[in-house]
Structure formats: structure tokens, C-alpha cells
**Q** 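Mind having a look at this structure? Questions to follow.
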Amino acid sequence: MVIGILALQGAFEEHGAMLERLGTEHFEIRQRKDIERPFDGLIIPGGESTVMDKLLRESGLFEPLREKIKAGLPVFGTCAGMILLANKLDGGKPCFKLMDITVKRNAYGRQLGSFFTESEFNGLGLVPMTFIRAPYITSAGPHVQILAEVDGRTVAARQGKILATAFHPELTDNTAVHNYFLQMAKG
Ligand code: GLN
């Protein structure tokens, strides 16, 4: 199993460190030639979604990655990564439009820009969750499975082989969510 990590911007190194801990082979994706080698799953990290959107298009990675995900490549988007996967944004232009969710960017406002909590994740027990200028999911289609909520708001969901979290599991030392993604990618 080999996982490609989109490394245009944002918190990609932390995902690499997490996969390292889990003993999973991984490599960074920066340009088109990087995706000529085979890989079994993709991580889209947190960062700034508008910048990543722009860099995806400029690098020529947008179309081929979109085709691969559409064809069934398992993908895990965290925070900005979730924003990039969404079909709709509350007040913004969506990017990949591959997941039937509506996402609100910077949804917690300025005061609660960043916070930490713990919440149940898909029956796996309490998972530590770091939120940084985070979005949340305001609505989801019928094929979307809700995996975690915080204060009644959806912060993790899955549709087929697409997993998205509003929080950053790579910034904690809990491996449950990455493990869940790897199992999903294997399955
Ligand atoms: N607020 C950022 C955005 O809109 C996401 C923040 C993050 O990824 N930590 O892209």
C-alpha cells in the first residue's frame, strides 16, 4: 500500500509523519510527473483551500487527480482538503466537486478560530480533534455517512472511498483516523 500526499501547500509533512508511524509507504505529490507512479490512496492536507485550488490548476494536477478520485482512488481530505472535495461551498467556488456535502469555510468564526476537543469517531471511541480556522459540513446527501459530530455539527463524513474531516488528526498523536483511512483504502 502506497499513499500519495498532496504537497503543494499546508500541513502535508505531518501526514507523512503519521503514515511513517503506521509503517505505510508514502510520497509527496507536487507536480504531474509525481503521479506517474502507482499509488493506492491520496491525502489532501489542511492549509489554505483557495491557494491549494489555484496551485492544483497551475500544476496541471487538478484534472488527473479528479479523474483518479472519480475512478475510485481512495482519498482523505483534512480541513482545507475537505473544502476542496465538497460539491458546494457556503459562499465560495467549489474545487473538485466529488463529495455530496455542503461546507462552510472558517465556520467557527474568529473568536473560536482554533480549538481542541475530543469526540466519538464512528464507534472507534473518543478521538482528539484539533480545529484550525476549520470548516464544518452544513448538509450532506443521502450517500454520505456521518462519522463524527461536535456540538451537533458534522465534522467527519464518508462517501464511498472519500473520507473528509474538518479537524486535523495528523496534528495529534492518535492514529485512529489515519488507520480508518488505510483500512478503507485496503478494503
Ligand atoms: N480556513 C482554511 C481554508 O478555508 C482551512 C483551514 C485549515 O485547513 N486548517 O482553506
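All figures in this text were calculated on a predicted structure; none of them were measured in a lab. First listed ligand is number 1; within each ligand, the first listed atom is number 1.
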**Q** Only counting residues at least two apart or in another chain, list the ones meeting salt bridge (Lys or Arg N to Asp or Glu O under 4.0 Å) with E28.
**A**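 For E28 the salt bridge (Lys or Arg N to Asp or Glu O under 4.0 Å) partners, ignoring immediate neighbours, are R30.
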**Q** Passes side-chain hydrogen bond (donor to acceptor under 3.5 Å, both in side chains), R133 versus Y108? Steps please.
**A** CA-CA 7 Å; R133 289 176 291 105; Y108 293 92; over 6 Å; no
**Q** Please tabulate, line by line, the atom pairs linking an N/O of ligand 1 to a protein N/O at a distance below 3.5 Å, with the distance in Å to 0.1, or answer 'none'.
**A**
unit_1   : atom_1 : unit_2 : atom_2 : d
ligand 1 : 1 (N)  : N106   : OD1    : 2.7
ligand 1 : 1 (N)  : R133   : O      : 2.9
ligand 1 : 4 (O)  : S49    : OG     : 3.4
ligand 1 : 4 (O)  : R105   : NE     : 2.7
ligand 1 : 4 (O)  : R105   : NH2    : 2.8
ligand 1 : 8 (O)  : G47    : N      : 2.9
ligand 1 : 8 (O)  : G47    : O      : 3.1
ligand 1 : 8 (O)  : A80    : N      : 3.0
ligand 1 : 9 (N)  : I132   : O      : 3.0
ligand 1 : 9 (N)  : H168   : NE2    : 2.8
ligand 1 : 10 (O) : S49    : N      : 2.5
ligand 1 : 10 (O) : S49    : OG     : 2.8

**Q** Taking transitive links into account, so neighbours of neighbours count too, which hydrophobic residues share a cluster with I132 at under 4.5 Å side-chain distance?
**A**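 I132 clusters with L171.
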**Q** Can any side-chain N or O of E149 pair as donor or acceptor with the backbone N or O of G152 at less than 3.5 Å?
**A**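 The answer is no, because no donor-acceptor pair under 3.5 Å joins these two groups.
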**Q** Under the side-chain contact (heavy atoms from CB on, under 4.5 Å) test, which residues partner A156, sequence neighbours left out?
**A**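 So A156 forms a side-chain contact (heavy atoms from CB on, under 4.5 Å) with F121, L147, A148, T165, F167.
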**Q** Answer yes or no for R66 and F96: cation-pi contact, defined as NZ/CZ to six-membered ring centre under 6.0 Å and angle to ring axis within 45°.
**A**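 No, R66 does not lie over the aromatic ring of F96.
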